[in-house]
Every structure is written in structure tokens, then in C-alpha cells.
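What follows is a short report on a single structure.
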Protein chains: 2
Amino acid sequence: MLVRTSDRRQPNTIDDFGFGSASKRAVSLNEFTYRKGTEIYGEKEPAEHVYQVKRGAVRTYKLLNDGRRQIGAFHLMDDIFGLENGVQHRFTAEAVVETTVRLIKRESLQALAEADAVVARNLLRMTTSNLEHAENHMLLLGRKTAVERVAAFLAEMDRRAGANTMSLPMSRRDIADYLGLTIETVSRAVSRLHCEGVLCFLGNTQREIVILDRQKLQSFDAQN
Amino acid sequence: MLVRTSDRRQPNTIDDFGFGSASKRAVSLNEFTYRKGTEIYGEKEPAEHVYQVKRGAVRTYKLLNDGRRQIGAFHLMDDIFGLENGVQHRFTAEAVVETTVRLIKRESLQALAEADAVVARNLLRMTTSNLEHAENHMLLLGRKTAVERVAAFLAEMDRRAGANTMSLPMSRRDIADYLGLTIETVSRAVSRLHCEGVLCFLGNTQREIVILDRQKLQSFDAQN
DNA sequence: CGCCTTGTTGAAGGCCATCAATATAGGTGG
DNA sequence: CCACCTATATTGATGGCCTTCAACAAGGCG
């Protein structure tokens, strides 16, 4: 219930990137690169674009008036985010690490969907996919214990990593705010899973993780 | 963390309604009435219909293997639920009280959306509306205190009731499972709001509630 | 009226948050 | 490349909010 002031909602706009306006476009015309921790768009801002992660990771979150934060989702490579139907964003989006995104104008997408039923169906499918994730996350936040949440999180990341080892781009604070916990509780849960032989770390890092026993990891979650 | 066995997932099918097959249809051909506590559809069941509440109230929820329940939403009059994009339901739906619903065949709706862009857009709008609710609920479940949750719940119900008094169709257990709390904590929070002069009860009932001070109620929540 | 379900209130306990100290990692400049 | 510094992560001690357990009260329905 702590009020966090610094490092929250830093007013980074396009002008804060540190290089000139002309050099802001990366490879392609509709691509853009955000530095670590910078805001991509803010809650309640007009939703002019839809985004796809080309490289890096994005967190989308809501804040309470006293600074409590709930991260709704992490968006990794190829994920689409900022897909609002209304005119304004319902989350704030920030780059977790240096992140390159592809941009699509919302209204052009909407026009395309109006004309093409396939596009419309894909739009609906993506929205439904977001909904499904939110529904599962409600169950996690409302009814799961700390270890279950962390196990579910690691399983989710492991699934999306594909490879045998995963490199988490987000900090413990991000994980905590995603799981509705504190950083200490997350740390303890990870340590517990480490002791139980579920996972180990690569080298001296805490973000490079290898899942040693996926079945055991799953047993720490309480899936239906 | 209690395992609830009875009154959960009771195997009520169409045949358990207590009256004959011929009398099951109510007013119209595509309407159906469910008695209090009966299942409308189960999680993982094929999604053959979309539903609209004509009268009554519906809860949609997920269960963990040990019986912990998370209600994702309550559906009141005119609300549409069971709107899945995939082939199977992601929640179980039950009638909170005696409830009449209108039925629409999913595939016919899908065909309609394929042909008519307006229908497609409405489908997307409704799905987005569900998503928005889920997103707000994640913030509640992840970061709000007990009193804040109950205040937010009462505000939500008050908003949808329209009238000055509201009659909650759901039990304290339902409310608790919606808010990620226990019935005792819900009861205490309501009592607290009662003592603080935010609300009062009508007659000797606990479900007929009058909000006396909406501004004060809002101050107990911690909205952005 | 009596039974059973639902809701309230109190007491005690547990899980997670908070506070605090230390350790480790990552970045910067010498 | 190492020393230094800061941000991040781990671990321990303590506390508080909510849960659990328990008893009682109230309401609903036969």
C-alpha cells in the first residue's frame, strides 16, 4: 500500500528520447523504438495507433490515485497491444526494455475491418484473446496464493519463451505488480521454487532462468 | 482456501428443472427460464448459444481444482453473456435467481457478422466492453483493500440499478467470490459502510440497500 | 412454529506486507 | 579493467489485514 512517487509515470514523451525528431523513425516508416522505461502511450490518451512488438517487451498497467499499480499484461515479441475499440486507451503502456514496435493507424485498421470481413474477424479474435488472458488473470489475482501466482507466471513465460532457458525482461517490481504481490513475496516464492529444484539460474543472474521440472512447476500452480 | 463440495457445480441439466420437456419453453421459442442456482452452461462445454438476460441475474465463474471460485462477472437485465469467439465456453454460467434468458445460436450470429459489418462491429464492441470490465476488475483484485472492493462493488451495482434503492440478487458468498474475499470480510465491510452512514438497509433485509451518500461511497474506493 | 439457509459478529491465526539490512548486479568513470 | 556507485534482489524480523474458526442472530420456507 506504499505510495511510489519517483520512477512512476515519468513524463517521457517523444521529445525525451534524447535524439532529434528526424532520427526517431527506425528501420521502416511505421516502426518506432522506445528506450527502457519510456511511456508509449498513457491511460485516457486518444488511441490513434495499434502496436505490435517487434523487439523487446511492453507492460500495460493501471494506477490507483495513491500509486498502487496493476500490470494487466506483458507484451512480448509479435504481440499486439493498444487495441482499443473506443477512442481512448484504457491502460498506460511502457517499454520494459528497449523496444521496437510497429505502428498501425487505428482508423485505417477500422476502415479495413469495415470493408473486409476477414480483418474484422481477426480483430475480434485478438480482442477475445486479450479477454481470455484477463479472465484467467482475474482467477489468479482473486484466488491464488503467492507461490501459485509465481508458478503460473513462470509457466506462462516459459510457454512463450519456447526455448529451454528464458530471460525475463521485467524486474521483480514488474512481476509483483503483475501478480498483485510485493517484490519480497515474489523473491521468496522464486527462492522457494529454486530450493525445491523446480528451477535454477544461469550464471550469476536472477533473470536468466531455466525450468528444470515443468511438471513440478505445474504442481505448484492450482489450475482447474 | 476451503474446499466447497455441496452447492457447487450441481449437475443440473435441462432434465432437472422439475417440469416436463414440453413446458420448458417460456414465452417465446428462443427464450428459456432457469431456476435459482441452476447451471446454464459449463466451462469447456461447446459454445452453441449466446445469451441475453431478460429477467433475473447470472454469475459466470471459474473454479480451481480444490473448489476456490472466482466470479468474473454478474449479468443483469439486458446484459449479453456467453459470447465466446472460440468453440467452447471459458466460464461456467449459473442463474443467481430465477432467470429468463433469450437465446441466439452462435453460428447464426457468426454468419450474420460475416455478412453485415454493423453486426460485426457490435460484436466487437460487446467483447471490448467485457474486456474493459475484466481489466478494471484485475485492478480491484490485485491492488484494492477489502473496503475499497466492497465500495466499488456497491457503486457498480448502484450505477446499474438506476433506481434509488437496489435489491442485490446475489448472496454474500457470491459477492465474496466476485471480490476475491471471504463472506465474513464482505459482511464486515458492509457493516462498516453502514456505520459510517454511507448506506442503510430497507426493512429487515440485508439485500435491499439504499445508498445514502454516493460521494462518500466513492471516497471509500480508490479510483484513479 | 420449527428447521435450515444465510448473514453477522467476535476471537485467534496465518499469509503476505512492511520495515530493515545485506548482497548482488549493472553501469559509470577513473 | 577495476573501483565505485546506484539500482535491484535476497533474506530476516515484525506487523497488520484478511482468513479461519466459532457462536449467534436473522430470514425464508415448509
Side-chain angles (χ1 to χ4, degrees), chain A residues 1-4 6-8 10 35-37 66-69 96-98 140-150 167-177 179-195 199-209 220 222, chain B residues 1-4 6-8 10 35-37 66-69 96-98 140-150 167-177 179-195 199-209 220 222:
Chain A
M1 236 49 63
L2 184 64
V3 181
R4 290 172 289 236
S6 66
D7 88 317
R8 273 297 143 77
Q10 40 210 343
R35 290 200 307 176
K36 175 177 175 176
D66 60 359
R68 281 173 281 172
R69 182 176 70 157
V96 175
V97 291
E98 178 158 312
L140 179 146
L141 293 170
R143 288 304 181 205
K144 288 189 184 179
T145 67
V147 179
E148 288 167 352
R149 293 179 201 207
V150 171
S167 147
L168 299 177
M170 68 289 285
S171 67
R172 294 290 191 264
R173 166 155 301 290
D174 285 336
I175 298 173
D177 285 351
L179 299 177
L181 300 170
T182 61
I183 52 175
E184 294 92 335
T185 302
V186 170
S187 188
R188 272 182 255 269
V190 172
S191 294
R192 164 116 183 265
L193 293 172
H194 176 75
C195 288
L199 58 86
C200 70
F201 300 102
L202 269 185
N204 293 330
T205 70
Q206 301 109 335
R207 297 195 187 181
E208 303 273 337
I209 293 178
F220 277 92
Chain B
M1 236 48 61
L2 184 63
V3 181
R4 290 172 289 238
S6 66
D7 88 319
R8 275 297 144 77
Q10 39 211 343
R35 291 201 305 178
K36 176 178 174 176
D66 60 359
R68 280 173 282 172
R69 182 176 70 158
V96 174
V97 291
E98 178 156 312
L140 180 146
L141 293 171
R143 288 304 181 205
K144 288 188 183 178
T145 66
V147 180
E148 287 167 353
R149 294 179 201 205
V150 171
S167 150
L168 299 177
M170 68 289 286
S171 67
R172 294 291 191 264
R173 167 154 301 289
D174 284 337
I175 298 172
D177 285 351
L179 300 177
L181 300 170
T182 61
I183 52 175
E184 293 93 335
T185 302
V186 171
S187 188
R188 272 182 255 269
V190 172
S191 295
R192 163 114 183 265
L193 293 172
H194 176 74
C195 290
L199 59 86
C200 70
F201 300 102
L202 270 185
N204 293 330
T205 69
Q206 302 108 335
R207 295 195 187 180
E208 302 274 337
I209 292 178
F220 277 92

Rounded to whole angstrom units, what separation is found between the CZ atom of B/R173 and the P atom of C/dT8? 13 Å

Nucleotide nearest A/R172 when distance is taken to its side chain, options D/dC18, D/dA9, C/dC16: D/dA9

Out of D/dT10, D/dT20, D/dC18, minimum distance to the side chain of B/R188 belongs to D/dT20

For the pair made of CD1 in B/I175 and C1' in D/dC18, what is the distance, rounded to whole Å? 17 Å

Would you say the side chain of B/I175 lies within less than 4.5 Å of the side chain of B/L168, judging by non-hydrogen atoms? yes

Round to the nearest Å and state the distance from A/F201 atom CZ to C/dA23 atom P. 18 Å

Side chain of A/N204 - closest among C/dT8, D/dT10, C/dA25: C/dA25

I want to check something: taking the side chain as every heavy atom from C-beta on, are B/R188 and B/V150 in contact at a cut-off of under 4.5 Å? no

Which part of the nucleic acid, if any, lies within reach of B/L181 when heavy atoms closer than 4.0 Å are counted: base, sugar-phosphate only, or nothing? sugar-phosphate

What integer distance in Å separates A/E208:CD from C/dG26:C1'? 14 Å

Toward the 5' end of DNA chain C, which comes first, A/V147 or A/E184, by nearest nucleotide? A/V147

d(A/H194 NE2, A/S187 OG) to nearest 0.5 Å is 11.5 Å

Would you mind telling me which of D/dA22, C/dC16, D/dC18 lies closest to the side-chain atoms of B/A146? D/dC18

Comparing nearest nucleotides in DNA chain C, the 5'-proximal residue of the pair A/G203, A/T185 is A/T185

Output the rounded distance in Å from CG (B/L202) to P (D/dA26). 18 Å

Need the bend value for the helix from C/dC1-D/dG30 to C/dG30-D/dC1: angle between end axes, 5 pairs each end, nearest 10°. 40°

B/R207 side-chain proximity, nearest of C/dC16, C/dT6, C/dT9: C/dT6

Taking the side chain as everything from C-beta on, heavy atoms only, tell me whether A/R69 gets closer than 4.5 Å to A/R173. yes

Side chains of A/R207 and A/P169, heavy atoms from C-beta outward: is any pair under 4.5 Å? no

Please report the interatomic distance CG(B/D177) to CZ(A/R143), rounded to the nearest 0.5 Å. 4.5 Å

Contact class for B/G180 (heavy atom, under 4.0 Å): base, sugar-phosphate, or nothing? sugar-phosphate

For B/R192, report the nucleic acid contact type (base, sugar-phosphate, nothing); a contact means any heavy atom under 4.0 Å. nothing

Of the candidates D/dT19, D/dT10, C/dG7, the side chain of A/Q206 sits closest to D/dT10

At 4.0 Å (heavy atoms only), tell me whether B/S171 reaches a base, stays on the sugar-phosphate, or touches nothing. sugar-phosphate

